[in-house]
2 protein chains.
Amino acid sequence: MEAFLPVTAQQLQAIQSFRTGTRRVEAGGTIVDEHRASPQLFTLYAGWAFRYKTLSDGRRQILGFLLPGDFVGLQDEFADGQTHGVEAVTDATLCAFARERLWALFQTQPRLGYDITWLAAREEKLVDDHLVTAGRRNAGERVAMLLMHLYRRAQRVGMVRDGWVEFPFNQQHIADALGLSLVHTNKTMRRLQRLGLYKLDGGWLRILEPHALETLGDYFERPLRPVPMI
Amino acid sequence: MEAFLPVTAQQLQAIQSFRTGTRRVEAGGTIVDEHRASPQLFTLYAGWAFRYKTLSDGRRQILGFLLPGDFVGLQDEFADGQTHGVEAVTDATLCAFARERLWALFQTQPRLGYDITWLAAREEKLVDDHLVTAGRRNAGERVAMLLMHLYRRAQRVGMVRDGWVEFPFNQQHIADALGLSLVHTNKTMRRLQRLGLYKLDGGWLRILEPHALETLGDYFERPLRPVPMI
DNA sequence: CGAATGCTTGACGGTACTCAAAGATTGTGG
DNA sequence: CCACAATCTTTGAGTACCGTCAAGCATTCG
């Protein structure tokens with residue numbers, strides 16, 4: 001797939017030896033518990049998932065969404081338990097790695113170590129953008145930005161068919177990602193739909209006016225370099 | 001300093017060969033331009049700085065604050081220019097590294113590569129927390145959280161003297177970090193001051209009721225492990 | 001068919017934003 | 001040393017965006 005960097009046979013072997021198995025999680029299931037440090041790192045192979053944190057009174061903030069190819073769990077490496085949860089939105093397939101072998105991987109395969117750093121840096125950029133959204137955009141801009149963002153990322157990994165993407169989120173997910181209430185999220189999304197900017201049907205999303213949404217969200221994705229795949 | 005991991009002589013030498021020089025930036029000066037990819041990575045040696053992004057109409061979001069020991073610029077590694085700015089709040093001293101030598105560093109010094117990944121993961125955790133603040137906390141909680149957060153981090157690197165920390169930010173900085181307006185930030189801060197939770201005098205901050213602020217912000221920092229220093 | 005989940009809408013209230021202007025503080029030049 | 005500008009802080013008044021509460025509607029599932 002063109003979104004990912006090519007891998008040599010030797011690297012592939014190193015990745016294989018680093019992995020400890022495949023895991024399946026059904027829709028709505030917990031991939032990483034919010035309050036327990038995970039002994040594993042994951043790469044998402046198939047499905048949609050998200051990272052989140054909850055305040056003690058239950059308010060939840062979704063930190064980011066995960067698509068196939070995304071690497072999760074590095075943030076916990078030094079967190080001593082104070083970390084974030086990961087939950088599957090659809091049925092998901094993951095590749096698991098032993099956290100304790102991470103250092104060995106860096107030693108024996110510096111290239112893969114470098115790639116992991118790359119992925120970590122990219123992740124942080126996503127959170128940076130998300131923070132701008134939550135901090136400085138209004139409701140309409142937030143929705144526009146999120147729709148374009150998810151669409152573009154899905155497109156990149158080949159999840160768009162005839163202009164439609166699987167969109168398995170409910171409005172509570174969107175609200176928790178954007179820092180809005182459920183009701184206000186609903187009203188904002190309805191408004192943008194009535195304006196004809198996008199369409200949502202049976203869990204599938206179609207962007208009707210990409211330029212309008214990009215302008216509204218002040219969010220223009222540039223073509224991205226291929227990403228390493230661990 | 002106990003906040004940092006010890007370094008071997010050999011590692012120190014590797015770090016030295018990686019660095020390309022020291023840079024001084026005066027208060028208010030630009031460390032990294034928001035719209036130009038920086039050819040350098042930095043470690044902040046002295047002073048306060050912050051990372052930020054601005055929307056096209058001028059709204060600014062501060063992504064995080066930088067204290068001595070913090071490493072900046074990794075996010076740009078693969079960003080193709082779509083990045084964030086870094087600005088000095090006080091006079092600042094930085095150690096510069098050539099970005100192009102990063103890969104060589106990973107090859108020859110896997111330990112330092114691993115440490116850089118550590119720092120990147122830690123950075124992302126900070127942004128995650130910040131995102132929860134902007135997305136799900138109200139004004140009082142945001143201010144409480146930020147004050148405790150900055151105080152604890154400063155304390156960790158020995159910047160607290162007799163309970164006072166240098167606090168060189170103006171209210172616009174705070175507002176842009178928290179995603180609030182200047183006026184509302186002012187009113188909220190005044191309110192917490194009148195409640196006797198903290199004191200601010202001549203650019204120095206003193207936390208009077210740490211427990212109350214932690215509870216209000218629902219933010220409890222655990223003791224952190226020592227951090228690598230590049 | 002009833003329960004559960006999610007979407008939609010209206011009404012109302014409050015938090016936070018904007019506008020405006022008056023202090024306070026600092027720095028600069030005559 | 002004072003006048004004046006510039007910057008930052010503080011406060012008040014009015015408004016709007018967004019949150020909460022409540023209830024109706026649609027869809028799915030057992």
Side-chain angles (χ1 to χ4, degrees), chain A residues 26-29 48 55 57-62 87 89-91 133-147 166-195 198-205 216, chain B residues 26-29 55 57-62 87 89-91 133-147 166-195 198-205 216-217:
Chain A
E26 62 183 7
W48 289 86
L55 295 175
D57 66 357
R59 279 174 287 179
R60 180 175 75 168
Q61 176 65 43
I62 289 184
E87 189 177 310
V89 183
T90 61
D91 292 344
T133 298
R136 285 297 182 215
R137 278 185 246 249
N138 65 30
E141 295 166 347
R142 293 187 204 195
V143 170
M145 143 91 190
L146 184 65
L147 292 177
E166 183 189 13
F167 194 82
F169 310 105
N170 61 30
Q171 296 186 348
Q172 189 67 64
H173 288 126
I174 309 296
D176 286 346
L178 297 180
L180 297 171
S181 72
L182 174 62
V183 174
H184 197 63
T185 300
N186 176 281
K187 288 175 181 175
T188 305
M189 291 182 73
R190 296 257 69 216
R191 183 164 57 84
L192 299 192
Q193 274 181 68
R194 270 194 296 270
L195 288 172
Y198 74 96
K199 211 184 249 184
L200 206 44
D201 183 31
W204 289 75
L205 166 72
L216 176 57
Chain B
E26 62 182 7
L55 294 176
D57 66 354
R59 281 175 284 179
R60 179 176 73 170
Q61 176 66 44
I62 289 183
E87 188 176 312
V89 182
T90 61
D91 291 344
T133 298
R136 285 298 181 212
R137 279 184 245 250
N138 64 31
E141 295 166 347
R142 294 187 203 196
V143 170
M145 143 91 189
L146 184 65
L147 291 177
E166 183 189 13
F167 194 83
F169 310 104
N170 61 31
Q171 297 186 347
Q172 190 66 63
H173 288 125
I174 309 296
D176 287 345
L178 297 180
L180 298 170
S181 71
L182 174 62
V183 173
H184 197 60
T185 300
N186 176 279
K187 288 175 180 173
T188 305
M189 291 182 72
R190 295 256 71 215
R191 182 163 57 83
L192 299 192
Q193 274 181 69
R194 271 194 295 270
L195 288 171
Y198 74 96
K199 210 184 250 183
L200 206 44
D201 184 31
W204 288 75
L205 167 70
L216 177 58

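Throughout, protein chains are lettered first and strands after them, A, B, ... in sequence-line order, and every chain is numbered starting at 1.
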Residues A:Asp57 and A:Arg59 bridged, charged N to O under 4.0 Å: yes
So what does [X] touch, heavy atoms closer than 4.0 Å: a base, only the sugar-phosphate, or nothing?
X        : result
B:Asn170 : sugar-phosphate
A:Leu180 : sugar-phosphate
A:Gly203 : nothing
A:Gly202 : nothing

Atom pair CG/CZ of B:Leu192 and B:Arg194 - distance to nearest 0.5 Å: 9.5 Å
Separation of A:Trp204 CH2 from A:Glu166 CD (nearest 0.5 Å): 5.5 Å
Between [X] and [N], is there a side-chain N or O to OP1/OP2 distance below 4.0 Å?
X        : N      : answer
A:Gln171 : C:dT8  : yes
A:Asn138 : D:dC17 : no
A:Arg190 : C:dT9  : yes
B:Asn186 : D:dT9  : no

Nearest-nucleotide comparison on DNA chain D, the residue closer to the 5′ end among A:Gly140 and A:Val183: A:Gly140
Measure from [atom1] on [X] to [atom2] on [N] and round the result to the nearest Å.
X        : N      : atom1 : atom2 : value
B:Leu200 : C:dT25 : CG    : C1'   : 14 Å
A:Gln172 : C:dA4  : CD    : P     : 19 Å
A:Arg191 : C:dG10 : CZ    : P     : 15 Å
B:Leu178 : C:dC17 : CG    : C1'   : 15 Å
A:Asp201 : C:dG6  : CG    : P     : 19 Å
B:Leu192 : D:dT10 : CG    : P     : 13 Å

Selected nucleotide, minimal atom distance to A:His184 side chain, candidates D:dC18, D:dG12, C:dC17: D:dC18
Candidates D:dT9, D:dT20, D:dC18 - which lies nearest the side chain of B:Leu182: D:dT9
Heavy-atom side-chain proximity of A:Phe167 to A:Ile174 below 4.5 angstrom: yes
Closest approach of B:Arg137 to B:Arg142 (non-hydrogen atoms, all atoms of both residues): O-NE, 2.7 Å
Donor-acceptor pair under 3.5 Å, A:Lys187 side chain vs C:dG10 base: yes
